[in-house]
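Following: one structure in structure tokens, then a few remarks.
Below, all heavy atoms of this structure are taken into account, side chains as well, without hydrogens, waters or symmetry copies. Note that the structure is a prediction, hence the values are computed from the model and not measured. Chain letters run A, B, ... following the sequence lines, proteins first, then strands; residues in each count from 1.
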Amino acid sequence: MEYAFRDIEKKWQAFWEKNQTYRVENQSDKPKYYVLDMFPYPSGAGLHVGHPLGYIASDIFSRFKRMKGFNVLHPMGFDSFGLPAEQYAIQTGQHPAVTTEQNISRYIEQLKNIGFSFDWSREVRTSNPDYYKWTQWIFQELFQHYYDKDADKALPVSELTARFAAAGTKSVNAVCDEDVPVLSADEWNALSETEQYAITLKYRLTYVADAVVNWCPALGTVLANDEVKDGVSERGGYPVEQKLMRQWMMRITAYADRLLNGLNTVDWSESIKEQQRNWIGRSQGASVRFPIENSERQIEVFTTRVDTIYGVTFLVLAPEHEYVDELTTPEQKAAVDAYVDATKRRSELDRMMEVKKVSGVFTGSYCLNPFNGEKVPIYLADYVLAGYGTGAVMAVPSGDQRDWNFATHFGLPIIPILDAQKDIAEQADATKEGHYINSGIINGMSYAEAVPTLVNWLEERGLGKGKINYRMRDAVFSRQRYWGEPVPVFFKDGLPYLIDEKDLPLELPAVDKYLPTETGEPPLGRAADWKYKGEYEYELSTMPGWAGSSWYWFRYMDPRNDNELASKEAIAYWKSIDLYVGGNEHATGHLLYSRFWNKFLKDIGIAEEEEFAKKLVNQGMIQGRSNFVYRVKDSQPATFVSAGLKGQYEVTPLHVDVNIVEQDVLDVEKFKQSRTDVPADAVFILEDGKYVCGWEVEKMSKSKFNVVNPDDVVERYGADTLRLYEMFLGPLTDSKPWNTNGISGTFNFLRKLWRLFFDEQTGKNVVTEDAATPEELKALHKAIKKVGEDIEVLSFNTSVPAFMVLANDLTSLKCHKKAILSDFVKILAPFAPHIAEELWEVLGNEAGTVTFQEFPVFNPAFLVENSFEYPIQINGKVRATLSFPADAQPKDIEAEVLANETVQKWLEGKTPKKVVVVPKRIVNVVI
RNA sequence: GCCCGGGUGGUGGAAUGGUAGACACGAAGGACUUAAAAUCCUUUGGGCAGUAAUGUCCGUACGGGUUCGAGUCCCGUCCCGGGUACCA
């Protein structure tokens, strides 16, 4: 009987579905474990072989944890709002819900084909109204909270207004807009309800603002910073321009410090944590106000090096700075106007390309150094960004290379400020070492002494203060799109109000077209008679892609709850994700927003833990491995030459579908049939009777003809082989090309395993009840140890060889003993669940129960060796091996080694300088 | 530029500071077969010497260093991949 993988896999997939094998309850005597994959966007192209990599890894881990006695939550769902469905809808007029539904069905079919142990009863889809009801609900909660800095958490707006009424706006230390009015309690209480409401809008965690956004005219939408790459949209590559628009914003900056500090508590890769730290971009420094000469006004700058203040020889403002007009003297007006104009016209791309070039213009005005009253010229330069800090910097050319370049270019003075600075004439020196010189009140001090001295001086005079700046901005939350969650807000007299909670979900209305309206409103503006309570305008933008994915792990805990996003009991039980697996392209998007929402949900008593995912693993990308044929240039009839001979011709390489190539050998007939551009009389120049293709590693994509569909692999080799092979390819976190060439190795292993149970000729079951020998137990327990340890650290690529070695060993030992094979099946079950269930049944066990067997326990007693083969090194090079009892004493070993013939030969009669004996490792004789 | 990864046979890769190349693919040779498939056996980093067993030298991007011993640790250089950028 052959290993009939197709029948076996179908049988067990049906069994699991019928018996609800992987259904999991929210209560159990067992400890819980939550393993989550980043859920996919169901694209029209279906899964390719790269997608399941992480799912296979997390599935193995889930199955392993089940066998280790955990109650494992391992769900799957779909991030089903998104642009491609909408673009398709624009082209075809088909409702995105319809295509999304079709795509999801296809995904589920493909996923079920691979034998994952998902609890499908918990599936969620972000585009379902019963799901996005809760996305909208969270939005409303954000709207009803503000961030209190003293409590260091979100508090209800009702608390804010109560405190305003009792003690005025100054009594609350909150994160808010820059332009909030300062009111006493009496002044506050004298305001109308609407006026008070308008003020609270400046405090809420989600708010409306006119924001400069990345407007993409081609897509008709606003893009997040991380959706824009090099000035064009990441999706589609369309031009993006800066535009001021009314947008919903998320006050994520309120959580900046918690987002930063939380990184120290999670087991995530250092690279992701570092990316998030950079994204948040916290810098500690001071703000300093420079009075403008002959003016009442001051220019505020932010600096991380307030200690260098006596080295300031000029100030630089962003060309967009609000004081530019005022500061420009008549003589400089023409030059300034020209510069500002040129800056406006330069695209971001130009600005990036000219990073090295110094440009700028003098305004004609001066300000005064607050410490010594020195006159400081004010320049404009486009290297200063309006959006960061205050849009103005104090320039210290002796300590900052960019300032040094600028000073040198414009002939401005460069003042040394530290005695440890060197070579100021050649370049800047940013050192903090040494003692200050030319520095007024801090002369002679060290860096550590100078900073507090200066900050105190500034604060006493109200000229500045210690300040922390963040690179991170509040997140734009509006999208001018159709296929997303409607924002549950209506407008009355120009002010936004929440719709009643009982009216949630606010469902997407029908529209005639999925395009902006003629007047430039988002597509929702097309909905007929779409008004709240029949009279109020709804918000017409929808939520961004990340809204639905920023809390979905909670919904899996209690996916059908109509009253809450998840019950308190469910959240108390599952708490947070123990292992989260996904691609690292989400490093600063999804993973940062999710942390933000989780922290907010913790503040309002829903989440149990500060961080939503304890451990995060980023699987590597599976790249494509493209194959090429080589067409001889200008050949008639068309001539293709095998890769090994292409050097003899002038050739054009052409991509060829990898699915008609095996071991880099082209199936010429299929090639002729599949390509209309290959004439029937095409000539193929072969080597050794074969047409060998060239290859290259590229992105996996249709256009490169290198996409491999997991369904095809499953059809040919089975899901278990696919699972093993994807793990066998290399470390989970590495990117690697998919190369089907090696897959027969894992397939052969499963067949070899099968032959331990069955005689393939006769089909007879050959399993015996004999007692295991020490040798067999040793082989088995080596594998148990290796596999158990490897899974814990997600080193799946090294467990597969352990299985192969065990199968090879047992084959050589002619071992068909149930006592050994039972445990083999169990340790293999997480990797290859179908064949494991089948063989488990063959061994006489109850059908479908291998899933819940205890993972075999490694017994070190079986691995004890009574002797050890010592490599004997002479000066670090192995010259012999000698066997010694395991408990041999080093001095005995040394004596015998020195007496050895080979060692004697190398000693040439000399006495060794040293003999190193490492028990059960090695012996090194140093001559 | 800066911050992370990484560079090991023809290929994917393995290796708590202790015999580099496990395991697998591919390749070559052989057995079985009328033949093929499947299976099994042998060889497979490179050079030199030897009929052979074997011996010997070189070898983990490159150059140094630490160590009895370095793919592994340290310093410097080069290359590849990812992230990020006039961030004050």
Selected nucleotide, minimal atom distance to [X] side chain, candidates [options]:
X: A:V878; options: B:rA88, B:rG13, B:rU19; answer: B:rU19
X: A:M804; options: B:rG12, B:rG18, B:rA24; answer: B:rA24
X: A:T798; options: B:rA14, B:rC25, B:rU11; answer: B:rA14
X: A:K877; options: B:rG12, B:rA88, B:rC58; answer: B:rC58
X: A:Y383; options: B:rC86, B:rC68, B:rA15; answer: B:rC86
X: A:E274; options: B:rC3, B:rU39, B:rG18; answer: B:rC3
X: A:I922; options: B:rA14, B:rA22, B:rU19; answer: B:rU19
X: A:F728; options: B:rA88, B:rA24, B:rU56; answer: B:rA24
X: A:Q873; options: B:rG55, B:rU19, B:rA88; answer: B:rU19
X: A:S744; options: B:rC86, B:rA24, B:rG26; answer: B:rG26

Taking a pair as Watson-Crick or G-U wobble with both distances under 3.5 Å, which nucleotide is matched to [N]?
N: B:rU67; value: none
N: B:rU11; value: B:rA24
N: B:rU33; value: none
N: B:rC86; value: none
N: B:rG81; value: B:rC4
N: B:rA49; value: B:rU54

If only atom types and distance count, is the side chain of [X] paired as donor or acceptor with the main-chain N or O of [Y] below 3.5 Å?
X: A:S642; Y: A:Y691; result: no
X: A:Q421; Y: A:D429; result: yes
X: A:Y339; Y: A:D382; result: yes

What's the [atom1]-[atom2] distance between [X] and [N], to the nearest Å?
X: A:L750; N: B:rA24; atom1: CG; atom2: C1'; result: 13 Å
X: A:R277; N: B:rC87; atom1: CZ; atom2: C1'; result: 18 Å
X: A:Q401; N: B:rC2; atom1: CD; atom2: C1'; result: 15 Å
X: A:F749; N: B:rA24; atom1: CZ; atom2: C1'; result: 12 Å
X: A:Y725; N: B:rC23; atom1: OH; atom2: C1'; result: 13 Å
X: A:N405; N: B:rG1; atom1: CG; atom2: P; result: 15 Å
X: A:W279; N: B:rC3; atom1: CH2; atom2: P; result: 20 Å
X: A:K736; N: B:rG82; atom1: NZ; atom2: P; result: 16 Å

Ring centres under 6.0 Å, that's the criterion: do [X] and [Y] meet it?
X: A:Y470; Y: A:W279; result: no
X: A:Y717; Y: A:F747; result: yes
X: A:F796; Y: A:F728; result: no

Rounded to whole angstrom, note down the [atom1] distance from [N] over to [M].
N: B:rA35; M: B:rA22; atom1: P; value: 34 Å
N: B:rU72; M: B:rG6; atom1: C1'; value: 14 Å
N: B:rC62; M: B:rC40; atom1: C1'; value: 45 Å
N: B:rG71; M: B:rA61; atom1: P; value: 10 Å
N: B:rA52; M: B:rG69; atom1: C1'; value: 33 Å
N: B:rG12; M: B:rG18; atom1: C1'; value: 27 Å
N: B:rG82; M: B:rG64; atom1: P; value: 32 Å

Of all the heavy-atom pairs spanning [X] and [Y], show the shortest one and how long it is.
X: A:I468; Y: A:R282; value: CD1-NH2, 3.1 Å
X: A:L756; Y: A:C815; value: CD2-O, 3.7 Å
X: A:S283; Y: A:T304; value: CB-CG2, 3.9 Å
X: A:P319; Y: A:V324; value: O-CG2, 3.6 Å

For [N], does OP1 or OP2 lie under 4.0 Å from any side-chain N or O of [X]?
X: A:R879; N: B:rG55; result: no
X: A:N739; N: B:rG26; result: no
X: A:R305; N: B:rA88; result: no
X: A:N797; N: B:rC23; result: no
X: A:K914; N: B:rC68; result: yes
X: A:R755; N: B:rC40; result: yes

Describe the nucleic acid contact of [X] in one word from base, sugar-phosphate, nothing, applying a heavy-atom distance below 4.0 Å.
X: A:P731; result: sugar-phosphate
X: A:N808; result: sugar-phosphate
X: A:K913; result: nothing
X: A:R282; result: nothing
X: A:K752; result: sugar-phosphate
X: A:N924; result: base
X: A:D664; result: nothing
X: A:D403; result: nothing
X: A:W268; result: nothing
X: A:Y870; result: nothing
X: A:E270; result: nothing
X: A:V918; result: base

message: I want to verify the glycosidic state of B:rG9; is it syn or anti under the 90° rule?
response: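 Syn, since the glycosidic angle lies within 90° of 0.
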
message: With a 3.5 Å cut-off and heavy atoms only, can you find an N or O donor on one side and an acceptor on the other between the side chain of A:N469 and the base of B:rC87?
response: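 Result: no qualifying N/O pair found.
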
field: Residue whose closest nucleotide on RNA chain B lies nearer the 5' end, A:V916 versus A:N584
entry: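 Counting from the 5' end, the first nearest nucleotide belongs to A:V916.
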
message: Nearest heavy atom decides the nucleotide; on that basis, is A:W906 or A:P801 closer to the 5' end of RNA chain B?
response: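 Mapping each residue to its closest nucleotide by heavy atoms, the 5'-most match is A:P801.
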
